[in-house]
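Notes follow the structure.
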Amino acid sequence: MDDHAVESYEHDDQHEVFRSLPFPFADDRFPDHLGAVVQRTVLEGVEPAREVIHTDDNAWIVGDGVNDPNQPGAVVVTCIQHVVEQDSAVAGLASLPLGQVAHRENPGQPWSVEPHSWLAE
């Protein structure tokens, strides 16, 4: 993901967003102010979350699994709770271990989890 493609997402509720918080999370729930890099299509409800990555360095990425997240303006930084509000199934991934990615074909289908690796360019 290109750094220039990441911008913050403005919501009416202004509060601090933390890039990472100590993991594992209490009660296996995402902390309210945990930040994530999220594809706009997911955040705006155009596409469902089909991919959730918990990187080796404890960052979170949520994608739609179909559109290129590297396009300018395609991703934003926001609280992961905004994604959970759109799709409660994402909440179940709060215990996803470091270095893992969860995939699903569509909402209502189970998540499959496997080790995450960045694609070679």
Side-chain angles (χ1 to χ4, degrees):
M1 183 170 15
D2 297 332
D3 288 335
H4 72 275
V6 178
E7 58 187 79
S8 61
Y9 191 73
E10 295 294 324
H11 280 284
D12 291 337
D13 57 338
Q14 297 296 314
H15 52 76
E16 192 167 2
V17 175
F18 295 95
R19 181 184 176 276
S20 67
L21 293 168
F23 182 81
F25 305 127
D27 301 322
D28 290 332
R29 294 185 55 199
F30 286 114
D32 290 340
H33 303 293
L34 176 65
V37 175
V38 181
Q39 272 188 280
R40 277 187 189 276
T41 53
V42 172
L43 193 60
E44 295 170 357
V46 174
E47 292 285 347
R50 293 186 186 97
E51 180 176 80
V52 177
I53 303 168
H54 190 188
T55 67
D56 288 328
D57 64 351
N58 199 24
W60 292 84
I61 302 169
V62 181
D64 66 20
V66 294
N67 293 296
D68 184 354
N70 294 307
Q71 294 299 311
V75 297
V76 295
V77 174
T78 190
C79 292
I80 201 164
Q81 284 301 328
H82 296 299
V83 176
V84 171
E85 289 167 6
Q86 291 265 359
D87 183 349
S88 62
V90 173
L93 298 174
S95 62
L96 186 67
L98 291 166
Q100 300 291 300
V101 56
H103 297 279
R104 66 179 177 178
E105 290 295 318
N106 286 300
Q109 295 183 323
W111 295 97
S112 63
V113 177
E114 61 188 49
H116 173 259
S117 62
W118 295 105
L119 296 175
E121 294 184 35

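Treat the numbers as computed from the prediction; the structure is a model and nothing was measured.
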State the [atom1]-[atom2] distance between [X] and [Y], to the nearest 0.5 angstrom.
| X | Y | atom1 | atom2 | answer |
| --- | --- | --- | --- | --- |
| I61 | I80 | CD1 | CD1 | 10.5 Å |
| Q100 | D56 | CD | CG | 9.0 Å |
| L34 | N58 | CG | CG | 7.5 Å |

Would you confirm whether [X], through its side chain, and [Y], through its main-chain N or O, come within 3.5 Å as a donor-acceptor pair?
| X | Y | result |
| --- | --- | --- |
| Q71 | D68 | no |
| D64 | R50 | no |
| E51 | V101 | no |
| E47 | V66 | no |

Is [Y] close to [X] at the side-chain level, that is, under 4.5 Å between some pair of heavy atoms?
| X | Y | result |
| --- | --- | --- |
| H82 | V38 | no |
| V17 | H33 | no |
| Q81 | V84 | yes |
| V42 | Q86 | no |

Note to self: Which residues pass the salt bridge (Lys or Arg N to Asp or Glu O under 4.0 Å) test with R19, not counting sequence neighbours?
What the structure shows: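 Counting only residues at least two positions away or on another chain, R19 forms a salt bridge (Lys or Arg N to Asp or Glu O under 4.0 Å) with D57.
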Next item on the list: Spell out, yes or no, whether V46 and V37 are grouped together once hydrophobic residues are joined by side-chain heavy atoms under 4.5 Å, including indirect joins.
Entry: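 No, separate clusters.
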Notebook entry, point to check: Mind checking whether L98 and L96 sit in one hydrophobic cluster, side chains of I, L, V, M, F, W, Y counted as touching below 4.5 Å?
Noted result: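 No, separate clusters.
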Notebook entry, point to check: Closest heavy-atom contact between A49 and W111?
Noted result: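 For A49 versus W111, the nearest heavy atoms are O-CH2, 3.6 Å.
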Next item on the list: For A74 and P69, work out which heavy atoms get closest and say how close.
Entry: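 It is CB-O, 3.7 Å.
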Next item on the list: Mind checking ring pair (Phe, Tyr, Trp, His ring centres under 6.0 Å) for F23 and listing every partner two or more places apart, or none if nothing turns up?
Entry: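 By the ring pair (Phe, Tyr, Trp, His ring centres under 6.0 Å) rule, F23 matches F25, H54.
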Check: For residues 84-108, which residue pairs qualify under salt bridge (Lys or Arg N to Asp or Glu O under 4.0 Å), counting only residues two or more places apart or in two chains?
Finding: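 Non-adjacent pairs meeting salt bridge (Lys or Arg N to Asp or Glu O under 4.0 Å): D87-R104.
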